[in-house]
Amino acid sequence: MSRFFVTTPIFYVNAKPHLGHAFTTILADSVSRFHALMGEETYFLTGTDEHGDKIVKASEAAGQSPKEYADQISALFRGLAPILGAKPNQFIRTTDPDHIKTVQKVLQKVYEAGDIYFGEYGGHYCFGCERFYTEKELVDGMCPDHKTKPEYIAEKNYFFRMSKYQGWLIEHINEHPEFIRPARYRNEVLSLLESGALEDLCISRPKSRLTWGIELPFDSDFVCYVWFDALLNYISALNYPRGERFKKFWPAANHIVAKDILKPHAVFWPTMLKAAGLQPYQSLNVHGYWLVRDTKMSKSLGNVVEPKRMVDTYGASAFRYFLLREMAFGSDASFTEEALVGRLNADLANDLGNLFNRALAMTHKYFEGKVPSPDKEFQEDAELKHLGLEAMQGFQANFGEFRTARALESLWELVRALNKYIDQTAPWTLFKNKQMARLGTVLYVVLEHMRKVAVHLWPVMPEASEKMLVQLGMPFEQEKIALPKEPEVWGVLESGVAVAQTSNLFPRVELPEPTPPAPKEATAPEAKKNKTDKPLPKEAPAPVCPAESIEFTDFQKLDLRVGTVLSAEKHPDADKLLVVQVSLGEEKPRQIVAGLADRFSPEELVGKQVVVVANLAPRKLRGFLSQGMVLVAKDAEVTRLLTAAGPVDDGGKVA
RNA sequence: GGCGAGGUAGCUCAGUCGGUCAGAGCAUGCGGCUCAUAUCCGCAGUGUCGGGGGUUCAAUUCCCUCCCUCGCUACCA
């Protein structure tokens with residue numbers, strides 16, 4: 001029996017679950033179910049990633065210990081799958097003792113193999129900042145923040161000899177087209193690998209700076225870098241190295257990730273596996289982002305779609321269908337409730353739901369609710385079967401490669417063909433003409449195809465699919481379904497079996513009342529149907545700020561000052577940069593490197609009063625220290641300096 | 001600036017190793033049916049397949065160039 005292991009990334013517990021996490025989980029669940037129906041033994045893994053500096057910071061902010069904090073957020077993620085109708089086989093946490101042991105085993109193994117070595121890292125440590133600075137970051141040899149000379153510390157860190165495997169990885173990717181897909185991400189990784197030398201990966205953090213992590217087995221003064229720890233969940237969950245699961249499911253691993261974590265999965269992870277003497281995973285499947293009204297949605301922005309509300313409002317099946325139907329594999333997609341409602345009505349209510357309802361109703365009207373026996377096959381029956389065969393094959397081929405949108409598109413060709421077939425054969429006319437044998441055949445052909453559709457939809461909408469099958473008098477039994485044969489088998493539905501009287505799985509829905517403002521032209525049918533005699537209310541002013549709001553104290557963190565530009569010149573080694581000296585009423589003028597050379601000439605700036613961010617962390621830009629940021633206002637057309645309406649003393653505060 | 005991916009009907013997209021390849025769904029208009037969830041079926045469109053140039057008997061599909069969008073990166077602060 002062939003095997004299929006599918007994973008989501010383990011989600012980082014520094015924020016609550018949102019649409020992106022929901023999608024990844026739904027996609028993993030659906031492909032897992034698909035492969036199960038295809039006759040494979042499947043294992044579906046998800047979980048949470050809980051170590052690292054960011055978690056420490058977040059827990060401090062919440063006034064909790066890292067573990068308490070991680071427990072709390074992890075529980076939210078654990079609760080996500082059931083809401084979505086997803087059934088992972090395992091939920092792993094990187095704080096699980098078994099995982100920790102495995103990570104240490106692998107570290108030890110790679111260490112003994114000689115692929116982990118001591119190296120001296122960074123060196124310039126500023127005690128004020130509690131961090132290292134690279135040569136590049138230092139300003140005249142001083143800490144840019146504290147203006148003190150950092151101490152040179154030869155901090156020993158452990159490095160993974162990743163560079164050693166660069167050639168191997170390139171070759172492996174070239175030889176296995178399915179290793180990273182879709183191809184655009186494969187190309188991206190290849191160009192990354194081929195463009196320059198891969199550096200070794202620093203995989204340790206000294207405990208003096210971070211203790212919230214897994215201790216290195218060969219040096220108790222260090223903990224493991226969070227990515228090295230996290231990626232290993234994929235095998236620790238299988239009880240590497242001796243577990244039954246590991247023997248069964250490795251290397252049949254198919255990872256699903258969003259495009260932001262492509263590099264760790266496409267570069268770190270395979271080279272880690274290679275170094276540990278393990279075979280690389282089978283495929284890395286990269287999907288895009290869900291945008292919200294074409295604006296980026298992420299943990300750090302406030303415009304997060306709440307998966308639970310969508311499920312509560314529309315049902316898990318419809319929500320899953322929409323996400324899997326709408327996002328082209330690898331590309332970004334836009335989430336709007338209008339689009340969701342549009343799909344739900346057009347595809348599910350009108351096409352599929354109505355098909356079920358009309359077919360069941362006719363079975364009751366003409367055959368007392370029992371599946372009729374088919375008689376002689378007509379040409380039109382054969383044609384429909386052929387179309388159905390191709391539709392189902394198309395579904396399977398695409399779903400197997402994670403292209404769920406195309407798979408569903410293909411299956412819907414059958415759904416639409418069934419509606420058409422009913423119209424063409426006109427059962428109501430056959431009934432009137434007492435052609436019962438033909439009528440029985442027609443209805444049987446429709447019902448049997450509906451069964452096939454329902455079975456294929458199980459991975460996408462398990463709940464709805466099972467209800468459809470109950471309505472057809474054939475409750476879902478996973479063991480009895482052989483999806484690979486479904487396109488061709490015929491006559492599975494038994495004649496004489498009672499079917500449901502009606503089907504109301506997908507009622508039409510309207511957009512919930514406080515209709516969100518639609519900046520773009522609405523595409524949902526409701527937009528037109530809601531038209532009344534009254535003129536539409538004047539469009540509300542577009543929400544100006546999609547970003548999350550901040551507290552006043554956050555604003556206060558900014559030290560905005562007015563200053564006069566004393567001089568400005570082009571940066572000698574940069575096209576876009578100007579080096580300007582701005583008087584802020586301090587002893588010395590500030591040197592600010594501004595990316596304005598393409599918009600302003602140096603002469604335009606000299607003598608002007610500008611607004612600058614005075615407490616921005618200083619940084620060297622192309623060799624020149626920049627101690628602030630000059631603010632401008634811009635639209636699509638112009639860029640203008642931000643200034644006060646009248647003269648203000650240099651150093652005047654903006655508040 | 002460099003690298004990469006794209007620009008195809010109002011919208012979302014499919015497609016072409018150059019020759020019925022100008023398509024699907026949604027939206028729009030008209031017509032039909034009545035089994036059905038005001039559902040379904042049929043018909044009708046519009047498109048300079050981003051602009052320009054080139055190769056060819058023939059290009060949306062190949063080459064060059066320009067413009068625009070997005071991603072990564074950088075001299076983005």
Side-chain angles (χ1 to χ4, degrees), chain A residues 182-192 194-196 259-260 262-263 288-289 291 294 296 325-328 330-334 336 338-339 342-343 345-366 405-406 408-410 412-413 415-432 439 442-443 446 502-509 520-525 527-529 570-579 592-598 612-613 616-624 626-632:
Chain A
R184 52 198 295 193
Y185 297 108
R186 182 169 174 267
N187 295 338
E188 202 172 305
V189 172
L190 276 174
S191 72
L192 183 106
E194 283 163 352
S195 67
K259 62 185 184 182
D260 57 335
L262 175 62
K263 189 176 173 183
Y289 287 145
L291 308 177
D294 299 321
K296 192 182 264 185
R325 174 66 185 82
E326 194 77 3
M327 177 177 268
S331 303
D332 292 349
S334 181
T336 66
E338 292 95 303
R343 280 255 178 241
N345 284 334
D347 296 359
L348 297 182
N350 295 352
D351 287 350
L352 181 65
N354 184 52
L355 168 67
F356 265 71
N357 206 43
R358 67 196 303 209
L360 295 180
M362 283 191 283
T363 307
H364 273 268
K365 210 157 189 166
Y366 307 141
R406 289 225 220 157
L408 286 165
E409 197 177 0
S410 182
W412 248 251
E413 283 175 22
V415 174
R416 277 191 284 272
L418 283 166
N419 276 318
K420 189 171 181 171
Y421 174 84
I422 292 175
D423 274 44
Q424 284 173 343
T425 54
W428 47 93
T429 306
L430 295 173
F431 182 69
K432 238 180 266 169
L439 177 56
V442 165
L443 273 186
V446 171
T502 58
S503 174
N504 195 26
L505 289 174
F506 303 107
R508 286 183 64 87
V509 296
K520 303 184 75 177
E521 193 176 318
T523 52
K528 287 281 152 83
K529 286 182 181 158
K570 291 208 161 182
H571 190 294
D573 307 318
D575 304 333
K576 284 190 182 173
L577 298 183
L578 291 178
V579 181
I592 295 177
V593 182
L596 299 174
D598 52 342
V612 306
V613 182
L616 196 63
R619 192 165 141 184
K620 246 184 187 177
L621 288 175
R622 203 73 177 181
F624 279 62
S626 182
Q627 303 167 294
M629 172 175 173
V630 176
L631 298 183
V632 296

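Naming: A, B, ... by sequence-line order, numbering from 1 per chain.
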Quiz item: So, is A:K259 near the phosphate of B:rG71, with a side-chain N or O under 4.0 Å from OP1 or OP2?
Solution: no
Self-check item: Nearest-angstrom distance from the residue atom CG of A:N345 to P of B:rC40
Solution: 10 Å
Quiz item: Rounding to a whole Å, what distance do you find between A:N187:CG and B:rG6:P?
Solution: 9 Å
Self-check item: Contact nearer the 5' end of RNA chain B, comparing A:R358 with A:A346
Solution: A:A346
Quiz item: How long is the line joining CG of A:N357 and C1' of B:rA38, in whole Å?
Solution: 14 Å
Quiz item: In which stems does RNA chain B show up, taking only runs of three or more Watson-Crick or G-U wobble pairs whose two distances fall under 3.5 Å?
Solution: B:1-7 with B:67-73, B:10-13 with B:23-26, B:28-32 with B:40-44, B:50-54 with B:62-66
Exercise. May I ask you to verify whether the side chain of A:N354 and the base of B:rA36 hold a donor-acceptor pair under 3.5 Å?
Key: yes
Quiz prompt | Under-4.0 Å side-chain N/O to phosphate OP1/OP2 contact, A:R406 with B:rU12 | solution = no
Exercise. Rounded off to whole Å, could you give me the CG-to-P distance for the A:N419 and B:rU34 pair?
Key: 16 Å
Self-check item: Between C1' of B:rG15 and CD of A:E409, the distance in whole Å
Solution: 12 Å
Exercise. Establish, with yes or no, whether the OP1 or OP2 oxygen of B:rG4 is under 4.0 angstrom from a side-chain nitrogen or oxygen of A:R184.
Key: no
Exercise. Hey, which sits more toward the 5' end of RNA chain B by its nearest nucleotide, A:D347 or A:M629?
Key: A:D347
